[in-house]
Amino acid sequence: MALGDLMASRLVHSSSSPSPSPSPSPSTAAPTAPLPNHHHNHVTDDLPVANGPEPRNGLEPAEVEKPAPVAYLPQLVVLCEQRHEGIDEAAAAAAGPSTSGLVSKWRPKDRMKTGCVALVLCLNISVDPPDVIKISPCARMECWIDPFSMAPPKALENIGKTLHSQYERWQPKARYKLQLDPTVEEVKKLCNTCRKYARSERVLFHYNGHGVPKPTTNGEIWVFNKSYTQYIPLPITDLDSWLKTPSIYVFDCSAAGIIVKAFLERLDWSSSSSSSSQKDCILLAACEAHQTLPQSAEFPADVFTACLTTPIKMALHWFCKRSLLRGSMDHSLIDQIPGRQNDRKTLLGELNWIFTAITDTIAWNVLPHDLFQRLFRQDLLVASLFRNFLLAERIMRSANCSPISYPLLPPTHQHHMWDAWDMAAEICLSKLPQLIADPNAEFQPSPFFTEQLTAFEVWLDHGSEDKKPPEQLPIVLQVLLSQSHRFRALVLLGRFLDMGPWAVDLALSVGIFPYVLKLLQTSAMELRQILVFIWTKILSLDKSCQVDLVKDGGHAYFIRFLDSLDAYPEQRAMAAFVLAVIVDGHRKGQEACIHACLIDVCLRHLQPENPHDAQTEPLLLQWLCLCLGKLWEDFPEAQLLGLQSNAPEILIYLLSEPQPEVRASAVFALGNLLDMGSTSSNGVDDDSDDDEKVKAEINVIRSLLQVSSDGSPLVRCEVAIALTRFASGHNKHLKSVAAEYWKPQTNSLLKSLPSLANISSPNNIYSPNNIRQGSSGLASHIGPVLRVGSDSSATGRDGRVSTSSPIATSSIMHGSPQSDDSSQHSDSGILLRENASNGGLSYTRSRPVDSAIYSQYISTMCSVAKDPYPRIATIGRRALSLIGVEQVVMKNSRFNSGGAHQGETSVPPSNFGMARSSSWFDMNSGNFSIAFRTPPVSPPQHDYLTGLRRVCSMEFKSYPMNSPEGLADPLLSSAATPSNAELSILPQSTIYNWSCGHFARPLLTGSDDNEEAHARREEREQIALDCIAKCQRSSACKMTSQIASWDTRFDSGTKAALLLPFSPIVIAADENEQIRVWNYDDALPVNSFQNHKLSDRGLSKLLLINELDESLLLAASSDGNVRIWKNFTQKGGQKLVTAFSSVQGHRAAGRSIVIDWQQQSGCLYASGDMSSILVWDLDKEQLLSTIQSSADSAISALSASQVRSGHFAAGFADGSVRIFDVRSPDRLIYMATPHAPRTEKVVGIGFQPGFDPYKIVSASQAGDIQFLDVRRAAEPYLTIEAHRGSLTALAVHRHAPVVASGSAKQMIKVFSLEGEQLTIIRYQPSFMGQRIGSVNCLSFHPYKSLLAAGAGDNALVSIYAEENYK
């Protein structure tokens, strides 16, 4: 299967884009596959009609009914994406690629090389040392030469040369020094020369002591005197002091373990005596202290050296003597193996390759990772020697000799991978005679690598993080060297990396990095997709690879891939991710990508080829935006290029995309187009191209202000962060506008600013008549509220009052405002300035930067500071404090927000100039609300005043205030222009790091949770269907038995109650938004939490979302804010999934928000005391449409149809009823006034039980319940006079033919659909039989005949059921 298909088939189904591919497969019923089109129930919508349009009485045969409900178990599941797990800075940072920790451990600390090799041979041929008794025949070969086959001096010289050439094969670039049978002086000179030449590189010291006695117990090796009459001891300590570190020693002599022991003692002693870190010293010794070297003639005399320097030859000789081939095989053929060691397409080269793979694999599987890194990945020569050392251990242990090393290695001679080597050796030896006989015979590669890849594949099918890691990993790495296996190896490697960060870390620690870096230079088309995937996985773990990629020009590879249209969009999204990591905080990367035209490539792919095209894969759009954002981040040149290439226009178009992730990423990119230092450091802007730039930035800000009320916290959070960046860049303009907002104005100033004239009326606290004269006046009034200071540091745009002006100083210093028109006054000199020319005070305007945008900005930020999502509110407050507005006191009282309509934003009510003195309120009841829609002032121009200094600092104590308004009192603070320290504490965007987490998760496999969720869903569907059938059969649900009564202990009575469908749990909430969860079977509290901590409280409704799946609790506050919780039935485990304002931009005067949820369309309908109904799509977290209600009065009740997608009914305050269909062009499809002639408001409305979408029930405050059939006329076909003028609640069961109504006069009545009163509940069933409380809320169980009732005065929640309830 080609990689493209493999990746595509898996990626397409697992891409985390919010809307999966719309495949009409049977799996669409799975809760995990939401259908992308909301109206997929069109077919089923008309099912009931097929059963006949006649009103039914609920007694028809159940058989006809039974199939219908299946269609109405909604398949859509909302708010269950990754983004709803919560996004905070800590979580996002953890998701992003790391730059430390787990990560950097795989990188070899510092590559080293062995620069010099000292070879010391003490053979003294023909003279045996006194302590050795040789057997006969005896091992004689040294470096595969028989020393007795020629004259001793010649033999010694040949052996030395051969050893030199054997080492040279492993490290050709080192300098070699040879000493044959030396003296102590010669060894000393040799060591000093080597260290001098090698400098800080490693020196190898090879000692062959076959012609001298064993080392002494004091740790001395032997050399000769000049005349070869004596053996002279050479202490190891001297050797070490001459060679210094880093060094590696090879001791090939009997009892070599003694030397190792002496070395270790010296190391211990030196590390304890000096604080220096342990020396970098490596030892390889032929045997332990009590052992002598093998003398058997089947081995060479220097078997240890032979293993270390000629491993293939040694291994084959040894194997040949032990295998079945020993009789038939001519040993001399081993020396004639054709090929070169470094050519893998020859027999010798392949054997060498297999040997490397096997020894690497053994080492990687047996050694601790840091030791493996040090010995096998840091220095090429050391790595080769240690690989060969593993062979020495295997061969010499067969002769009862144990080679030892420092650092000590665990035993490896019995590792099962040696069997694979034996097999490869056998195959090779069996081919050998034929290959030598016919040199032109075709070379057949060994099956070794193919088999090992298959073993790796088997592991991938069954392995996991908890199991032992795959031992073939180092072999997979070796296979990457071969073109014939490369593709398969990369695909398997990709599958492995996909298992998680642990797998990426393992692969990097094996040493995969240089290989995949090198592969970026190949132009092989078939490798592109898998290489992009592998790099995605590497960079999702470790960001530091960005440096290597840019150094090697790897970024160009990914830009080409991103620009190629033949790859799948998900794979191009990966390329965009890789590029985003390359430019993330890396200036060289940013510059390289700009030279490679990355901006143009990204912008080109962000625009559909033609506007009618289906939109591109959201993941690709998301990463193109993030990539651009990272490219522009803190890089003014790139930002300028972006503005010039029309980026804002293209990105603004994406702000209405259906996926919140795409919208948030577009906001991130736009935010990074804003230059933080847009007011340049000296306060002077150059007029030339800066004008264009400012215009472009203002345009960006305008579009961001419009999406500040997006339905997704992910998007709003990014908007708030971008707007905060703007606040720090345009700090001075904004401060001046803010100061102008919140300060008492004198008449003259009001007249000079037409924009503020509308508030200069006698009925306004800002009018000068209300400001008392007198020396204590201003100070005492402003004192409690405004903390105003002029900052000496922010001389830029703010106006200043010069102390040289007598008027100014007197009016400020003495706090006595002059009310006459002749002077202009400022409470602290903000925004006013003296013109040096004439000494009089006059007002000057700056260049026309659109200052309306500043006032709009401030008002938007005030609403952001009250966002229902806590993190966003914090960011909003931070932005306000940057421009000098601090919100301090939150008032616990109701308020009206200013009168702005959608599209405008309103400033929070102002109560800024209030003091203890009542004179400010003389003409005013305190109920005022000002909306600034026009700019109060343009920022003044610079003119550099000479006498500028801090005029005064009015720091007042904060008095307690009793204001009727519900907002914090903003204070104008004297925060200076943001310094660098301040910029660093600006809120950081989280969308990038959070999005990176997607690639760290498995992309090729579906998660296992799906099956579990699937099973739970099926089980719940079955329960629901059984209950629905039962409900439909029951004729009279007499809710006579109270099965539970719960004292919620709410102070203000129960405002809303909700029964969960599949567990015996009831949720209740009160007016103060305290939510409590109770188990009515066990009568035990389950959880209790506050909907929010803000002072402004009031609850409107509780709803359940995704009831057949992982249920979520929607709590709607009376101010229109909606918060959705998960895990609300775990004690203290509740978690906010999302929060937004459902009526944003509309005047929700009064606190009468009505709201309802429709699962099958994924729509939330919200309205209130306003002329429109807002339809929110919770799947996209977007405002779907705004429907004009076309009525003069407010909407007082709302109910969504559970049968027909997009249908909902609304009841109005004047007693009228309307039905709307989101999908029909004119929206309104039915209208009636069933409660006429009475005009009391509709308290409750609902679609009738069962699956008939045409009948509704409406109840008005007057106490009458009306039954309507949409198909007939506007007249009700049934009326019940339920209560006399006090009806407070109506509940309509979803499936059972009952409705219930509650009254303020402490009673509940239950009626059948024919109008028959089934039950009346007045008293508690206790012994005393108290009256039930006044009914605040009623709610039926979705599938059972259960009714929950919440009382307004005694905070009891009672649950009623039929007599025979079990």
Side-chain angles (χ1 to χ4, degrees), residues 674 678-679 683 685 694-695 697-698 701-702 704-705 708 723-745 749-750 752-759 766 785-791 794-801 824 826-833 843-865 876-887 898 900 904-910 912-913 930-942 970-978:
L674 301 175
S678 66
T679 37
D685 297 330
V694 170
K695 266 189 202 139
E697 291 199 350
I698 295 293
I701 287 299
R702 196 171 276 122
L704 289 179
L705 291 175
S708 65
L723 292 177
T724 309
R725 284 172 64 93
F726 178 73
S728 76
H730 292 241
N731 192 273
K732 293 171 185 158
H733 301 270
L734 283 163
K735 267 191 185 165
S736 55
V737 176
E740 201 52 48
Y741 260 179
W742 287 308
K743 74 174 209 213
Q745 311 284 355
L749 187 55
L750 287 170
S752 70
L753 293 170
S755 52
L756 289 177
N758 63 340
I759 57 173
Y766 278 96
V785 206
L786 298 178
R787 188 168 77 239
V788 188
S790 58
D791 342 332
T795 47
R797 311 255 179 186
D798 304 30
R800 289 285 168 269
V801 174
Q824 293 189 343
S826 154
D827 43 25
S828 73
I830 289 189
L831 270 178
L832 292 176
R833 102 150 10 94
Y843 211 78
T844 52
R845 291 183 176 277
S846 73
R847 279 190 304 126
V849 164
D850 182 358
S851 104
I853 198 81
Y854 292 133
S855 25
Q856 194 190 343
Y857 173 91
I858 294 171
S859 61
T860 301
M861 273 339 246
C862 289
S863 9
V864 172
R877 289 197 294 276
R878 172 95 191 88
L880 285 175
S881 74
L882 269 178
I883 54 171
V885 181
E886 288 175 23
Q887 298 190 316
E904 303 172 25
T905 31
S906 62
V907 155
S910 322
F912 308 122
I930 307 164
F932 294 100
R933 296 207 191 81
T934 44
V937 59
S938 300
Q941 258 173 347
H942 305 293
L971 294 185
L972 294 182
S973 75
S974 55
T977 325

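Model, not experiment: these values are computed from the prediction. By convention here, the first residue in the shown sequence is residue 1. In what follows, every heavy atom counts, from backbone to side chain, and hydrogens, waters and symmetry copies are set aside.
- Formation of a donor-acceptor pair under 3.5 Å by the R725 side chain with backbone atoms of L674 is found in this model.
- Taking 4.5 Å as the limit, every side-chain heavy atom of L882 sits out of range of all side-chain heavy atoms of L734.
- Across every non-hydrogen atom of A879 and A727, the tightest pair is O-CB, 4.2 Å.
- Considering every non-hydrogen atom in both A865 and L880, the closest pair reads CB-CD1, 3.9 Å.
- Atom CG of L705 and atom CE of M861 lie 8.5 Å apart (nearest 0.5 Å).
- In this structure, I858 CD1 and S863 OG are separated by 12.0 Å, a value rounded to the nearest 0.5 Å.
- A donor-acceptor contact shorter than 3.5 Å is absent between the side chain of S708 and the backbone of L704.
- Note: F726 and Y857 have tilted aromatic rings, judged against thresholds of 30 and 60 degrees for the angle between ring planes.
- K695 places none of its side-chain heavy atoms less than 4.5 Å from the side chain of I698.
- Looking at I883 and H730, their side chains never come closer than 4.5 Å, going by heavy atoms from C-beta outward.
- The shortest non-hydrogen separation linking A738 to V885 is CB-CG2, 3.9 Å.
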